[in-house]
Colleague: 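Okay, handing you the structure first.
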Number of protein chains: 2
Amino acid sequence: VIELIGGRKTYQTGALSFEALRGVDLRVEAGEYVAVIGPSGSGKSTLMHVLGCLDVLTQGTYRLTGHDVGELDEVDLAMVRNTQIGFVFQQFHLLTSLSAVQNVELPLAYRGIGRAERRALAVEALERVGLGDRLENRPGQLSGGQQQRVAFARALVGDPAMILADEPTGNLDSTSTEEVLGLLDELHAAGRTILLITHEADVAARAARVVRVLDGLIQEDAR
Amino acid sequence: VIELIGGRKTYQTGALSFEALRGVDLRVEAGEYVAVIGPSGSGKSTLMHVLGCLDVLTQGTYRLTGHDVGELDEVDLAMVRNTQIGFVFQQFHLLTSLSAVQNVELPLAYRGIGRAERRALAVEALERVGLGDRLENRPGQLSGGQQQRVAFARALVGDPAMILADEPTGNLDSTSTEEVLGLLDELHAAGRTILLITHEADVAARAARVVRVLDGLIQEDAR
Ligand SMILES: Nc1ncnc2c1ncn2[C@@H]1O[C@H](COP(=O)(O)OP(=O)(O)OP(=O)(O)O)[C@@H](O)[C@H]1O
Ligand SMILES: Nc1ncnc2c1ncn2[C@@H]1O[C@H](COP(=O)(O)OP(=O)(O)OP(=O)(O)O)[C@@H](O)[C@H]1O
Ligand SMILES: [Mg+2]
Ligand SMILES: [Mg+2]
């Protein structure tokens, strides 16, 4: 499902340029559960953004379910993102003026799903992460851990084929962490492809495969 | 230095009201190192915001170094916040249009410290957290862990008497976590008062005292 060949990503900050990915090769089969670990600043989020079609490579080839992502235009990319991929951002990126349930409905609204069905699916997703009693709270009226769980519910709600989760348990206590990891196990058992970035060794251990990133390169790929 | 008596905080969400703090009593002496733990949504950040003069109690008394915070006006509160307290927010709250070094200079600018001295102190604080080579990057050009370290450097730069840190290591790998905790140890050894919210048991173990919060109340206070 994922084929990345010689992936490079360079950022420009004024006159300086910084190569965050320096030639990454990665293949992931459909239904695999892969953890991505590595030091702060090593390129994990950059890699995820490329795999999630949120950012483009400076060089190299990326094929998602056989399609060359470099050939797709903005509209195609948005369709792929919206129907195939559920993304949990490291910084949540919730819309602050919308309530929790509205934030979770959003991916469904983009797909043109009707209001009543959208709401029912969003409520169910929030209940699965233990937030059935916070539906109308806006992100500023939720704790850090609750916001993270809303972001997680939003990634699951459309039942996408692939989940890309960037430190989904960074702000969570052990009980909420267990809930989130339990949901990922369920999705994996149902055949979804999962990539999970984490700093926590016990979280990485849940995956069947662990990819270690260092200074923009894959250093190790252990099954 | 901290005396909280019967602290209550109620949030209003439309017609619903939710009591996040339900009568908290807490005394902290100058120079103490206290960890605050508890489940997601239990009231830890709310407590910190009250202690940091960022939010006000609905009921109860809060005295900071002997002054009744409820009697202070907005200007006094800002002065107290800016000269006595360094705050590391759970969501970083960096200004996205400023560079890393400008974000760290900000607390010093509020105090009227000159440009050259401000810059030198800010550069030094960023070097202490391992970001001497990212001075001109804006928050959007930094990784999650790097942003968290900028937020940490901003809290330290004015050498405040009290540091309130809300999950300062949530997004950090083990090396950066060690760096940040090492800095907190140094500050504690230099007599600063430290309150640290964390979900990680090994991080809480660094403090001399651990306060456990549950449903808006202090459940346990272990030395
Ligand atoms: N502005 C607000 N309006 C309504 N409810 C709020 C508001 N801010 C916080 N809350 C509620 O108050 C409770 C306590 O929030 P707080 O942020 O203090 O939790 P926390 O212990 O820091 O949790 P976490 O570990 O998830 O960060 C939560 O249940 C939250 O939903
Ligand atoms: N827009 C940008 N402009 C310049 N440099 C950037 C930009 N975005 C990221 N970087 C740099 O690229 C490197 C990789 O960032 P990335 O966010 O992928 O790290 P990460 O492995 O996710 O780290 P963390 O564990 O701290 O989240 C970092 O050194 C960062 O400073
Ligand atoms: Mg990251
Ligand atoms: Mg919190």
Colleague: If you count the non-hydrogen atoms of other residues, nucleotides and ligands that lie under 6.0 Å from CZ in B:Arg206, is the total more than 12?
Modeller: yes

Colleague: Determine the sole option in B:Glu179, B:Arg149, B:Gln147 for which the side chain to side chain donor-acceptor pair (under 3.5 Å) test with A:Ser40 is passed.
Modeller: B:Arg149

Colleague: Restricting to non-hydrogen atoms, name the atom on A:Asn171 and the atom on B:Gln90 that form the minimum distance, rounded to 0.1 Å.
Modeller: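 It is OD1-NE2, 3.3 Å.
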
Colleague: Which one, B:Leu172, B:Thr169, B:Thr175, leads in non-hydrogen pairs under 4.5 Å with chain A?
Modeller: B:Leu172

Colleague: Non-hydrogen atoms of chain A under 4.5 Å away: do they reach the side chain of B:Ser143, the backbone, both or neither?
Modeller: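 It is the side chain, since no backbone atom gets that close.
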
Colleague: With a 4.5 Å limit on heavy-atom distance, are the side chains of B:Glu136 and A:Thr13 in contact?
Modeller: no

Colleague: For the interface with chain A, which of B:Asn137, B:Thr198, B:Leu142 has the highest count of heavy-atom pairs at distances below 4.5 Å?
Modeller: B:Asn137

Colleague: For atom CD of B:Glu74, is the number of surrounding heavy atoms from other residues, nucleotides or ligands below 6.0 Å larger than 12?
Modeller: no

Colleague: Would you mind checking which part of B:Gln141 comes under 4.5 Å of any heavy atom in chain A, side chain (CB onward), backbone (N, CA, C, O), both or neither?
Modeller: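 Only the side chain of B:Gln141 comes within 4.5 Å of chain A.
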
Colleague: Report which part of A:Gln91 has an atom under 4.5 Å of a heavy atom belonging to chain B: side chain, backbone, both, or neither.
Modeller: side chain

Colleague: Between B:Glu200, B:Arg134, B:Gln148, B:Arg138, which residue shows the highest count of heavy-atom pairs closer than 4.5 Å to chain A?
Modeller: B:Arg134

Colleague: Who wins among A:Gly43, A:Pro39, A:Ser176, A:Ser45 for the most heavy-atom pairs under 4.5 Å with chain B?
Modeller: A:Pro39

Colleague: If you draw a 6.0 Å radius around CZ in B:Arg212, do more than 12 non-hydrogen atoms from other residues or ligands fall strictly inside?
Modeller: no

